[in-house]
Amino acid sequence: MLLFFISLAILFLGYKLYGPFVEKQAGIDPTAITPQERLRDGVDYVPISPARAFLIQFLNVAGVGPIFGPILGALYGPIALVWIVLGNVIGGAVHDYFSGVMSLKEDGKSLPEIAGHYYNVVFKGCMLIFTAMLLFFVGVVFIMSPAGLLSNLSFFEGTILGGNTFWVLVILGYYFLATLLPIDKIITKLYPAFGLLMIVMTTLVAVALLLEAPHLPQVSGIFDFFLHNHQEHDFLTPNPDGLPVWPLLFVTITCGAISGFHSTQSPMIARCLTNEKYARPVFYGAMTCEGIVACVWALAGIAAFPGGYAELKAMLDQGGPGLVVNHVATSYLGVFGGVMAILAVAVFPITSGDTAFRSLRLTIMDAFKISQTTLNRLALAVPLLGVAYLMTFLDFSLIWRYFAFSNMLLSTSVLWLATKYLFDRGAFHWITSIPAVIGTAITVAYIATAAIGLNLPMEYSRPIGIAVAVVCLIGLVFKNNRRTAEAV
């Protein structure tokens, strides 16, 4: 229990103490005219109050990711909580904040357009591919996962509502409307209420776990983890299945710690903020809150199973994280609370999936300078959602692996982009460059060892990732020293 409260305290202190320092480096100007005032079009550039903007951003980024990812990460034990907190404070919150600030400073543009400004057309092209790929995979994942959850509810059994295809088509129909309609027609009206629902349900689950869960993680569990692995001469393999912490834990738990998907959502809200001073509570604050959600569900995976690792692993093998959500909700919140929690968990990914397709539409049309007319939006939305429907027939785990890799890759790219932004300002760039270097090591190691990548043995992939990160760090230091010398 103590470890959980320490985790929450660190997240809170990160926002209150580290957040203002990060904000100071960003060059926020409360007197500046924001994109919504300069470019208001009634579709994407629409003024939104800071409270609504926060709830929308929070719901956009906190879909099923900070629930499913931490449940899977719980297989690694209490170290999952440590990664969520450190990743959030050092990397994720900073990443989200600068993705929002850079877009706010650049007329609400998508990240590939900003990359072309700060780097070159090659970096812009690569980032466009990564961004489009991630948004598409997120959209597909967030069709499949909520459809599976809804169709498996027991009171739908034997009816048309118990069919997976039915819910896939319903969700696609909603995505079509949300992609096309102005942001103030659906998103700004429904999302604040859904955001509050997520906060309430997360709080109820947390309280129930703290009062009743059989295996609450203690701080001593972390020391036992390192002590055990010291005896085994391997600090990176903490569980019976031998799953390596580096790099798999960092890729398994992205939402809640650091997620490239968030940077794709930030421009949508950056087009609606009424003052630059709201960037920290909206972007930084939403990521901090997502870290809390991730900690709660990591706690659920660690503490809610009397049989420990073996019981959690068996349930995941049987029905994936969705079955774990069902078990935790019904076991600790009763029948009514369980149904409400499951429905909420089904709604949350839908609210990220629709904004994923909306952001994909914005990104593609920005990149190719296509005007945002109704006909153009329709012409792009129909084929995108048509292909997405066909993708739902593929293996979910395959889609998830590509999503996980592209997510980590994009977050690292955004951190390097933010580093260039701070470089140009002459600000303290280490707040983004250090997590960028770490992210590079993790991303390279993962793709080197993953089956969807080079499929190399772990003993090769780890040093390859570290070597690439060291080269990047050396290049960064060299460039920084040269810039300082030129300034003198």
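- Sparse packing is recorded around CZ of Phe368, with 12 or fewer heavy atoms of other residues, nucleotides or ligands lying under 6.0 Å away.
- Using a 4.0 Å cut-off between charged nitrogen and carboxylate oxygen, Glu23 and Lys277 do not count as a salt-bridge pair.
- Using a 4.0 Å cut-off between charged side-chain N and carboxylate O, Arg358 and Asp354 make no salt bridge.
- The side-chain heavy atoms of Leu333 and Leu204, taken from C-beta on, include a pair separated by under 4.5 Å.
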Stepwise side chain to side chain donor-acceptor pair (under 3.5 Å) test for Ser371 and Asn376: CA-CA 7 Å; Ser371 61; Asn376 287 341; 3.1 Å; yes
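- Ring pair Phe357/Phe136 is perpendicular by interplanar angle, where above 60° counts as perpendicular and below 30° as parallel.
- Side-chain contact annotation: Arg361 with Gln372, donor-acceptor N/O pair under 3.5 Å present.
- With values rounded to the nearest 0.5 angstrom, Phe5 atom CZ is found 5.0 Å from Leu210 atom CG.
- With values rounded to the nearest 0.5 angstrom, Leu59 atom CG is found 6.5 Å from Tyr191 atom OH.
- Counting heavy atoms from C-beta on, the side chains of Val296 and Phe4 come closer than 4.5 Å.
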| request: Carefully, step by step, assess Gln57 and His262 under the rule side chain to side chain donor-acceptor pair (under 3.5 Å). | output: CA-CA 9 Å; Gln57 176 71 6; His262 298 185; over 6 Å; no
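- Phe250 places none of its side-chain heavy atoms less than 4.5 Å from the side chain of Thr443.
- Just one residue in the list Thr440, Ile442, Asn407 forms a side chain to side chain contact (heavy atoms under 4.5 Å, CB included) with Thr412, and that residue is Thr440.
- If you take CD1 on Ile183 and CG on Leu362, they are separated by 8.5 Å, rounding to the nearest 0.5 Å.
- Comment: Asp184 does not engage Lys189 in a salt bridge, judged by the lack of any side-chain N to carboxylate O separation of less than 4.0 angstrom.
- Proximity of the aromatic rings of His327 and Phe305 is defined here by a centroid distance below 6.0 angstrom, and this criterion is met.
- A donor-acceptor pair shorter than 3.5 Å can be found between the side chains of Thr419 and Thr432.
- Applying the side-chain hydrogen bond (donor to acceptor under 3.5 Å, both in side chains) test to Asp366 and every residue at least two apart in sequence or in another chain returns Ser110, Arg271.
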Margin query: Between Ser259 and Thr254, is the side chain to side chain donor-acceptor pair (under 3.5 Å) condition met? List the steps.
Written below: CA-CA 5 Å; Ser259 170; Thr254 54; 4.7 Å; no
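- Taking OG1 of Thr202 as the reference point, atom CG of Leu197 lies at 9.0 Å (rounded to 0.5 Å).
- In this structure, the separation between CG on Asp41 and CD on Gln36 is 11.0 Å, given to the nearest 0.5 Å.
- Remark: the Gln265 side chain and the Ser359 side chain contain an N/O donor-acceptor pair separated by less than 3.5 Å.
- In this structure, the side chains of Arg40 and Pro47 come closer than 4.5 Å at one or more pairs of heavy atoms.
- The structure places CZ of Phe142 at 11.5 Å from CD1 of Ile171, a figure rounded to the nearest 0.5 Å.
- Counting heavy atoms from C-beta outward, Tyr15 and Pro281 have side chains that approach closer than 4.5 Å.
- Side chain to side chain, Ser266 and Ser99 meet the donor-acceptor criterion of an N or O pair below 3.5 Å.
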